[in-house]
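See structure below.
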Amino acid sequence: MELVIREVAAGDKAAWHALWDGYNQFYESEIPAEITQNTWQRLLDSRSAVHCRVAVADGRVVGFAMIVLHEGTWVTSPICYLEDLFVMAEMRGKGIARRLIQALIAEGKSVGWSRLYWHTAQNNPARNLYDEFTPADEYVRYRMNL
Ligand SMILES: CC(C)(COP(=O)(O)OP(=O)(O)OC[C@H]1O[C@@H](n2cnc3c(N)ncnc32)[C@H](O)[C@@H]1OP(=O)(O)O)[C@@H](O)C(=O)NCCC(=O)NCCS
């Protein structure tokens, strides 16, 4: 399998949409169409802090990593938050998510991000993969919808 990790492009719209739908089904969340549309537009907007890297296996877009670059008070260079990671069901277990994370690490090192971080559910089996990169820390998340 030839696997390429690259920035999302306008021509990926249909493939990205299918992945986004699968991702939201996984989380049993219903994202309003206008938010999906807005997110897609921001992914293509170089001024936006939201970015997407896609995994392309033998020419087919099969997964994504969506990130938000933000500032921090303890560092002067960007911090990368990996917000969404998804690989279509039939392509799982082939190391694609591993490659997406490795690509973010390589990109961050080359352009000078200070940190990469992400959250996951306590019981997400993908933690087997995440533990390959770094141990989980002891922080817990507090989140309020406003
Ligand atoms: C999590 C997810 C992105 C992993 O994608 P993937 O391409 O299948 O992961 P990889 O093949 O790179 O996994 C590599 C390793 O992680 C482990 N792993 C990853 N996902 C796993 C899962 N669902 N169950 C068990 N082990 C898993 C395996 O041990 C695997 O090791 P191996 O290569 O030695 O077998 C994919 O399962 C997915 O999209 N899940 C639904 C959405 C989700 O949970 N996203 C992450 C939210 S934080």
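Order of listing sets the numbers, starting from 1, for every ligand and every atom in it. Starting from 1, each residue takes its place in the sequence as its number.
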Which of the numbered atoms in ligand 1 are below 4.0 angstrom from a heavy atom of [X]?
{"X": "Thr120", "result": "48 (S)"}
{"X": "Gly93", "result": "6 (P), 8 (O), 11 (O)"}
{"X": "Arg98", "result": "12 (O), 14 (C), 15 (C), 31 (O), 32 (P), 33 (O), 34 (O)"}
{"X": "Lys94", "result": "11 (O)"}
{"X": "Ile96", "result": "7 (O), 11 (O), 12 (O)"}

Considering both backbone and side-chain atoms of [X], is one of its nitrogen or oxygen atoms within less than 3.5 Å of a nitrogen or oxygen in ligand 1?
{"X": "Phe26", "answer": "no"}
{"X": "His119", "answer": "no"}
{"X": "Met91", "answer": "no"}
{"X": "Ala126", "answer": "no"}

Contact partition for Asp84 relative to ligand 1, non-hydrogen atoms under 4.0 Å: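 Looking at Asp84 and ligand 1, no heavy atom falls under 4.0 Å.
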Location of contacts on Phe86 toward ligand 1, heavy atoms closer than 4.0 Å: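 Contact part for Phe86 vs ligand 1: both backbone and side chain.
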Geometric class of the Tyr117/His70 ring pair [parallel <30°, tilted 30-60°, perpendicular >60°]: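 It falls in the perpendicular class, over 60°.
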